[in-house]
Structures are given as structure tokens and as C-alpha cells.
Amino acid sequence: MAELDTSSGGGKKGGKVRSKKASTRVDLTAMVDLAFLLITFFMFTTTLSKPKAMDVTMPDKDDQNKDQLAVAASRSMTLLLGANDKVEWFVGEPGKTPPETTGYGKEGLRKVLIENGEKIQQTTGKYMTVLIKPSDKSNYKNVVDALDEMKITGVQSFAIVDITPAELGLLKRDGNY
Amino acid sequence: MPRVKVARKSTSIDMTAMCDVAFLLLTFFILTAKPRTEDPVPVDIPASSVEQPIPDDNTLLLTVGQNKVFFGVDGNDIRKQTLIQMGEKYKINFTPEEQTKFAALPTFGVPINQLKGFLALEPTQRKEFKQPGIPRDTTNNNELSDWIREARKVDVALHNKALRIAIKGDSKEEYPVIGQLITLLQKQKINKFNFITSLRAAPKTTK
């Protein structure tokens with residue numbers, strides 16, 4: 001207890017001056033009120049959910065160095081990020097396989113990635129390589145969503161690559177640009 | 001009949017323990033609180049399932065919104081030295097007073113020739129001021145890439161650490177701006193950087 005023993009120890013007799021016993025008990029209610037008020041304030045102002053950092057690694061873009069690893073068309077999948085949160089995908093080279101349009105999220109891109117990943121794993125015995133090609137009409141959220149799907153579906157090799165005019169044409173034809 | 005006597009009890013409670021706890025919590029919250037840096041433009045960061053927290057220091061933050069890029073780097077000493085080196089490069093002499101003011105700025109987005117005027121403003125006026133963003137283009141030497149390069153040099157010189165680059169973009173931001181930034185970073189041989197995201201509210205799981 002926040003009290004101190006203030007009894008002056010001496011006897012009552014002997015005509016000694018007796019010091020008055022004042023209670024040292026302080027009323028803490030106001031102090032506690034204030035403390036909790038401040039706690040509430042700090043709790044509301046601190047950001048509990050800290051922003052997260054997504055690692056992005058770009059392929060080395062060296063103008064001089066041209067020897068880059070070629071990936072077999074049969075196990076490469078291309079994602080074309082178009083306008084209005086639409087994504088077109090095809091496996092192999094552009095133009096040879098008709099692209100399909102899908103959306104982002106669980107029912108769209110994720111399903112496609114998992115299905116094709118398994119298919120490619122079975123037919124070639126190797127993992128799938130995904131090329132993400134954002135068009136000028138796609139927004140930043142689409143890129144982050146696509147990268148996030150890579151992480152969720154466990155695609156091991158993927159890269160953000162510039163889109164080619166032929167692929168832009170595909171997007172335009174399907175009304176996703 | 002004798003009346004039932006209700007034992008009278010004191011209503012005053014011992015608040016010492018409660019007070020102790022309250023102040024303990026208060027201390028905790030005060031110490032963990034980090035002043036929130038105001039973004040010069042409203043930035044709504046996209047959500048993802050990444051759970052890796054953003055590093056606390058040694059980060060260069062590029063805020064992208066409304067087609068503008070803003071530059072911010074951690075550490076007052078780094079900011080100050082970066083300004084001095086940029087001043088040398090662009091032949092602008094910043095006074096020590098301006099350097100101190102600049103060191104206190106967490107993020108900014110004005111061309112370097114307007115920087116003196118921007119620093120002369122009062123802090124309240126500075127908030128109102130519409131910052132045009134740091135000039136950038138596709139050439140090798142634009143202002144933004146100079147800022148990034150100088151900041152990286154300073155970080156190596158002062159702390160002997162490689163600066164981490166993080167991009168904080170608005171989710172509605174169109175890709176070309178981000179693409180430009182990526183090309184700009186790649187020209188400096190930065191192939192690894194971070195996108196800042198928030199945690200998705202309800203993590204979706206594959207069925």
C-alpha cells in the first residue's frame with residue numbers, strides 16, 4: 001500500500017510533542033484516469049498492422065551480356081495483364097495457342113496457375129516458368145496481385161518482362177486494353 | 001426485532017496496482033509508437049499475403065501516387081549528406097540551415113531547383129504545398145536516379161551498408177510509372193527491391 005508508517009514511535013508520556021498523524025494515502029483515481037486516457041490514445045494512434053515488404057527480384061538486364069538462359073516454350077506460361085483487372089494467359093509462344101481471359105484471385109488466376117503447373121510438371125518433368133507482362137493499362141495492384149499468386153501457388157521461376165507488340169495486339173483484340 | 005446491520009465497508013479501493021499496470025502499459029505504448037509519416041499524396045497500398053515486415057532502417061522509400069514520385073530515405077545523417085552531394089552535382093549551395101531543415105523531412109517530391117523555395121516554407125505551408133514529384137524520364141541521368149545514386153553512395157560511405165529500395169505505390173497507379181521506376185533502378189544495377197503491401201484482411205486459402 002502506498003502508505004508510510006508515520007507514527008512517531010515515542011511514548012505518550014513525558015510531555016513530548018506529538019506530531020500529528022497525517023495519512024499518506026493519496027487518491028490515485030485521477031492519476032489512473034489520466035493513465036488510461038493516455039493508453040487509449042496511444043493504442044489508437046499506433047499502427048498495429050505494419051506494412052509488409054514484398055521481395056521483387058528482376059532478371060539482370062545487361063545490355064552487353066546477351067547469353068541468357070532460353071526457356072522451352074512448352075513449359076513457359078505468359079500472363080498478360082490488361083485493363084479492367086483482366087489477365088490473359090497462354091502457354092507457349094504467342095499466337096500459337098489461343099489466349100484465355102481470366103480474372104485475379106482464387107477462382108481465376110490461381111486455378112489456372114495450379115492446373116497448368118501440374119500439367120507442365122507431368123508432361124515435361126520440369127517446373128513451369130511464368131512470365132508476367134504488364135501492359136500500360138494495368139495498374140500496380142494487378143502486378144502485386146500477380147506476384148502474390150506466384151507466391152501462393154509456389155511457382156519457382158517467374159519474371160516481370162516487357163510486353164511485346166504482338167501480345168499487345170492480343171489484348172486489344174480481346175478488348176482487354 | 002433487531003435491525004439487520006449491514007456492515008459498512010469502505011468504498012475506497014487500493015489503486016496502486018492498477019496505477020502500476022496502467023503506467024506500465026502507457027510506457028510500452030509510448031515507446032513503441034512511431035510517428036506516422038504523412039504521405040504527400042494519398043497512397044492506398046495493395047494487399048498481399050506476404051508476411052515479411054518492412055525493415056525499420058536503412059531503406060530508401062519511393063512513394064508513387066498520382067503519377068508522381070516522392071523520395072524518402074531513412075536517417076537524418078544520410079539525408080543531410082545526400083543533399084550536400086546533390087547540391088554539388090547540380091551546383092546549388094545549400095546553407096547549413098537548409099540542410100538541417102532537409103534532414104528533418106521524411107519524404108519530399110520537388111525538383112532540385114525548387115528545393116530551396118520549398119525548404120523556406122513554414123512546416124504548415126509545406127503541407128499545403130502541392131509537390132510536383134521528382135522529375136524523371138527515360139534517360140540515364142535524370143534527377144530521380146541521381147537522388148537514388150547519391151543516397152546509395154552516402155549510405156555506403158557513412159554506414160557501410162547497401163541501401164534497400166522499397167516502392168510504395170498506390171494500387172490504382174497505372175503500370176507505366178512503376179515500369180519506369182523499375183527500368184530506372186535496373187539501370188543502376190538494382191535488381192532486388194521491395195514492393196510495400198499491406199496484409200490481406202482475410203487470407204485466402206486454396207481449397
Side-chain angles (χ1 to χ4, degrees), chain A residues 1-3 25-47 49-63 81 83 105-107 110-111 114 134-145 147-149 151-153 160 162-163, chain B residues 12-16 18-19 21-23 25-26 28-30 32-34 36 44-55 59 64 164 166-179 182-183 185-187 189-201 204-207:
Chain A
M1 285 269 257
E3 275 170 300
R25 187 184 270 220
V26 195
D27 186 14
L28 293 175
T29 324
M31 191 163 152
V32 174
D33 282 357
L34 184 78
F36 273 103
L37 184 81
L38 288 172
I39 287 180
T40 327
F41 170 75
F42 277 103
M43 268 173 75
F44 279 116
T45 48
T46 43
T47 43
S49 60
K50 273 189 82 185
K52 310 289 174 193
M54 174 187 265
D55 277 322
V56 186
T57 312
M58 296 294 288
D60 200 359
K61 205 184 211 174
D62 200 344
D63 294 334
L81 313 185
K106 199 160 65 179
E107 290 306 313
R110 193 171 311 167
K111 229 177 179 172
I114 292 172
S135 73
D136 286 358
K137 289 285 165 67
S138 64
N139 58 34
Y140 176 58
K141 189 177 180 295
N142 298 149
V143 181
V144 171
D145 278 348
L147 288 173
D148 196 27
E149 290 301 327
K151 191 186 161 262
I152 292 170
T153 54
I160 303 176
D162 292 333
I163 200 160
Chain B
S12 79
I13 327 160
D14 179 25
M15 292 231 179
T16 327
M18 189 167 159
C19 196
V21 174
F23 274 98
L25 286 173
L26 184 59
F28 171 75
F29 279 108
I30 290 181
T32 51
K34 223 181 152 188
R36 199 182 296 182
D44 168 33
I45 51 177
S48 79
S49 62
V50 181
E51 280 172 20
Q52 180 195 358
I54 172 174
T59 324
V64 187
R164 270 175 230 263
I167 298 177
K168 183 181 185 180
D170 191 66
S171 47
K172 291 281 165 291
E173 191 65 39
E174 292 206 330
Y175 180 73
V177 186
I178 309 285
I182 294 176
T183 345
L185 291 175
Q186 285 205 290
K187 277 190 180 141
K189 299 259 181 295
I190 308 170
N191 287 317
K192 262 181 128 173
F193 41 85
N194 293 116
F195 281 154
I196 290 178
T197 60
S198 65
L199 199 60
R200 211 183 282 279
K204 290 180 203 162
T205 44
T206 38
K207 272 181 191 169

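Every chain is numbered from 1, with letters handed out A, B, ... down the list of sequences.
- In this structure, the portion of A:I160 lying under 4.5 Å from any heavy atom of chain B is its side chain and not its backbone.
- Of the atoms belonging to B:I182, it is side-chain heavy atoms, and not backbone ones, that fall under 4.5 Å from chain A.
- Among A:N142, A:V56, A:V143, A:T40, the residue making the largest number of heavy-atom pairs under 4.5 Å with chain B is A:V56.
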* Asked: Should B:I30 and A:F42 be marked as a side chain to side chain contact (heavy atoms under 4.5 Å, CB included) after you check the CA-CA gap, both sets of side-chain angles, and the distance that decides it?
  -> CA-CA 7 Å; B:I30 290 181; A:F42 277 103; 3.4 Å; yes

* Please assess A:L81 against B:Y175 for the test side chain to side chain contact (heavy atoms under 4.5 Å, CB included), listing each intermediate value before the final yes or no. => CA-CA 10 Å; A:L81 313 185; B:Y175 180 73; over 6 Å; no

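- With a 4.5 Å cut-off on non-hydrogen atoms, A:T29 touches chain B through its backbone and its side chain both.
- Counting heavy-atom pairs closer than 4.5 Å to chain A, the top-ranked of the candidates B:S171, B:S48, B:P46 is B:S171.
- Heavy atoms of A:D145 lying under 4.5 Å from chain B belong exclusively to its side chain.
- A:L147 touches chain B through its side chain: at least one heavy atom from C-beta onward sits under 4.5 Å away, while N, CA, C and O do not.
- Residue A:V144 touches chain B through its side chain alone, counting heavy-atom pairs closer than 4.5 Å.
- In plain terms, the two heavy atoms of B:E174 and A:D136 that are nearest each other are OE1-O, 3.9 Å.
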* Going through the checks in order, is the side chain to side chain contact (heavy atoms under 4.5 Å, CB included) test met by A:Y140 and B:D170? -> CA-CA 7 Å; A:Y140 176 58; B:D170 191 66; 5.9 Å; no

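- If you measure heavy-atom distances from B:L26 to chain A, the contacts under 4.5 Å come from both the backbone and the side chain.
- Heavy-atom minimum distance, B:C19 versus A:L28: CB-CD1, 4.3 Å.
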